[in-house]
2 protein chains.
Amino acid sequence: MTKISAPTLEDVARLAGVSTASISRALNDPDKVAKPTRDKIEAAIEALGYTPNFGGRALASNRTNTVGAVVPTMANAMFASGLQAFQEVLSEAGVNLLLATTGYDSEQELRQIKALMAHGADGLMLIGDARPQSTRDFLEKRRIPHVISWCFQPDASPIHVGFDNRAACYAATQHVLELGHRRIAMICGVRQGNDRAADRFDGVSAAIDDFGQGAAMVRAVDAQYRLEFGGDAFEKIMSQSPRPTAIICGNDVLAAGALKRARELGIDVPGDVSLVGFDDIGLASVVTPALATVRVPQIEMGREAARLLLARLSGEEGGGPVELHTEFMPRASLAPPAQAVDQPEP
Amino acid sequence: MTKISAPTLEDVARLAGVSTASISRALNDPDKVAKPTRDKIEAAIEALGYTPNFGGRALASNRTNTVGAVVPTMANAMFASGLQAFQEVLSEAGVNLLLATTGYDSEQELRQIKALMAHGADGLMLIGDARPQSTRDFLEKRRIPHVISWCFQPDASPIHVGFDNRAACYAATQHVLELGHRRIAMICGVRQGNDRAADRFDGVSAAIDDFGQGAAMVRAVDAQYRLEFGGDAFEKIMSQSPRPTAIICGNDVLAAGALKRARELGIDVPGDVSLVGFDDIGLASVVTPALATVRVPQIEMGREAARLLLARLSGEEGGGPVELHTEFMPRASLAPPAQAVDQPEP
DNA sequence: TAAAGATATGTAAGCGCTTACAAAACTGGA
DNA sequence: TCCAGTTTTGTAAGCGCTTACATATCTTTA
């Protein structure tokens, strides 16, 4: 009664009349102890309200059952819903999630990786492939089990879970070109230190080049992934000539920002200019006009990343890489250009 | 050289020619060791690439420098951006974040609270005030340091950080009433087990009652906080008579769902019916018409919650409760009703 | 019914760190 | 120079758990 500190294994052992070892077994590997003993143990645990002490467990077993995720930001619905799914799968496996954000800063990423490891993460989930050598070295030297998500290359290593950003943008751009657009602009994410943003740009650029027929990228502006910056970039692009007839955006947030600014400037979408986003976050189908975009399997990606990481933590070598597929979502913000060249009248 | 496992304190001690105690001190309380010794120690740590073992540290000090957050979902931008801020403040203090979600299920909440505690959280951040006695008991008996966020009552306890949901809705409803609306409907969140949703309903309801002049809540529908359900609820409400002239929604996601469905059904907003949301997530100002809503200081709330929790963990008793303020944001989705009764022609 | 094998439980040695306490090495003033 | 006071360092006892190994208990089968 006067006992202040939490009950320990020993307390439970005393009450149940068994050894601490049996209790540990009952907890971690139940069928190693006989039913009657298990019942006694469970009763004692219940009576005392016992919960295992984390430090003791971690120290003795050298495992925390905790994994870390280091993502650019939770403020983008994209990552938020992926993390949600990631966390759910972990939770089912009794593993907890340590979460840290980088704000798209690679030094911050290394700092957070170190922090999570110092806080006992058994493994990590990271976003994207672009990181400085110092970070790679750290991961390598410490032999930190990790998976890399949100990107996938044809030559992806077994720790990748994601989709091919370049290919997805290539395909989306083809749709735009086939509608008759020839003057195309892009509002990219900041490509420096962000392989996804760079890959998306490359995809758009390559599709335009390969298409020929006078198609050209008339302008590309890097913008941080925030509504206002999408708007600013839009305004910049539209204030110069030649104006594009379609703008492809690095993600839906940028596209939504562009759309909002278009409305404010009295520029009609898609009448004056078509807009295409990327990610298909909830917002994309709610705005007017609805945003043409590329659907990314966010939930599935989170889940698969969790599965792969759990598999690696339990020593399995296979299981990866996992490629997921994207789908172009044509919607009202994308229409043929006003003076469509290749669009014969019916 | 053949050593596989990570270097321990003892390894460092041997190399530096001091005792393990000194090293521990150098690490945790540097000015307790003389400069020359500290230098030797730092050199040895560097040489060995030593990092403290988490389990050992946690076991011996009974602290993990980790706090947990248990939120309904990350999929709502509301919580995502609050968490983002929460995490940033923690990170600056060298504290890491364990994150778990409940899906608005209170049993799941208790399970996750237990899981986070079992994973060594020093304290918790929880959302809202409504939870079963069993959960309260658990928090109480374990004396778990925690803060409760996203809600605030006039009689709030020192662990609350948030705003008054009821008052915020009361004020918003007054705006609606003053514009001339008399038949008002509400699409609430699911009130069962969610005090914020219940408070919001109460606020709307009370404002209508207090206003008199024939104002009435013609219908209230509970809906899960998801776009589709907002749409479904909207359709249900608008299919019955008398139709409301304004619908107040429990949050922006529901309102956006309603708006989308309105468009699909050919119902004009605000011509046929006005719509009001809650939270002011990014989406609210991007949709057309822009959504009238209540701005909630999400970032500030996350920050304050982190500060208060850190303060409590370091033994300070004061610091709370913290009340934050909301602001009604009139926007295009709210206009006087078509046949405004109290709106004299100019 | 006894012996061999399988199953269940107990014993006790750490895991790597912190920290109370003891011991040693410094101060400076008489 | 010596001593009391102060600062720095070392010693060693845990923190609560897991797990290899030893021991005890139950099955089988000949």
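Letters A, B, ... mirror the listed sequences (proteins, then strands); counts begin at 1.
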Between atom OG1 of T135(A) and atom CD of E109(A), what is the distance when rounded to the nearest 0.5 Å?
6.0 Å
Check whether any side-chain N or O of [X] sits under 4.0 Å from OP1 or OP2 of [N], and answer yes or no.
X: T8(B); N: dG16(C); result: no
X: T20(A); N: dG10(C); result: no
X: S22(A); N: dG10(C); result: yes

Just say parallel, tilted or perpendicular for the rings of F54(B) and F54(A), cut-offs at 30° and 60°.
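Plane angle over 60°, so perpendicular.
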Atom-to-atom span, [atom1] of [X] to [atom2] of [N] - whole angstrom:
X: L59(B); N: dC15(C); atom1: CG; atom2: P; answer: 13 Å
X: R63(B); N: dC15(D); atom1: CZ; atom2: C1'; answer: 16 Å
X: N53(B); N: dG14(C); atom1: CG; atom2: P; answer: 17 Å
X: D11(B); N: dC15(C); atom1: CG; atom2: C1'; answer: 13 Å
X: E10(B); N: dC17(C); atom1: CD; atom2: P; answer: 9 Å
X: F54(B); N: dC17(C); atom1: CZ; atom2: P; answer: 13 Å
X: L9(B); N: dG16(C); atom1: CG; atom2: P; answer: 10 Å
X: N62(B); N: dT18(C); atom1: CG; atom2: P; answer: 13 Å

If every non-hydrogen atom of D195(B) is compared with every non-hydrogen atom of A130(B), which pair is closest and at what distance?
OD1-N, 3.2 Å
Testing L139(A), V71(A), I159(A) for side chain to side chain contact (heavy atoms under 4.5 Å, CB included) with L126(A), which one passes?
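Output: one option passes, namely L139(A).
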Out of I45(A), V33(A), V12(A), which residue meets the side chain to side chain contact (heavy atoms under 4.5 Å, CB included) rule with L27(A)?
I45(A)
Let me know, please, whether V18(B) or G56(B) comes out on the 5' side of the other along DNA chain D by nearest nucleotide.
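Taking each residue's closest nucleotide, the earlier one in sequence belongs to V18(B).
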Can you confirm whether E46(B) is buried at CD, in the sense that more than 12 heavy atoms of other residues, nucleotides or ligands lie under 6.0 Å from that atom?
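It does not: E46(B) CD has 12 such atoms or fewer within range.
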Got more than 12 heavy atoms from elsewhere within 6.0 Å of CD, Q133(A)?
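Atom CD in Q133(A) is packed in, count exceeds 12.
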Out of dT11(C), dT19(C), dG16(C), whichever nucleotide has its closest atom nearest the side chain of A60(B)
dG16(C)
Pull out every residue in residues 23-41 of chain A that has a heavy atom closer than 4.0 Å to any atom of DNA chain C, ordered by number, or say none.
R25(A), V33(A), A34(A), T37(A)
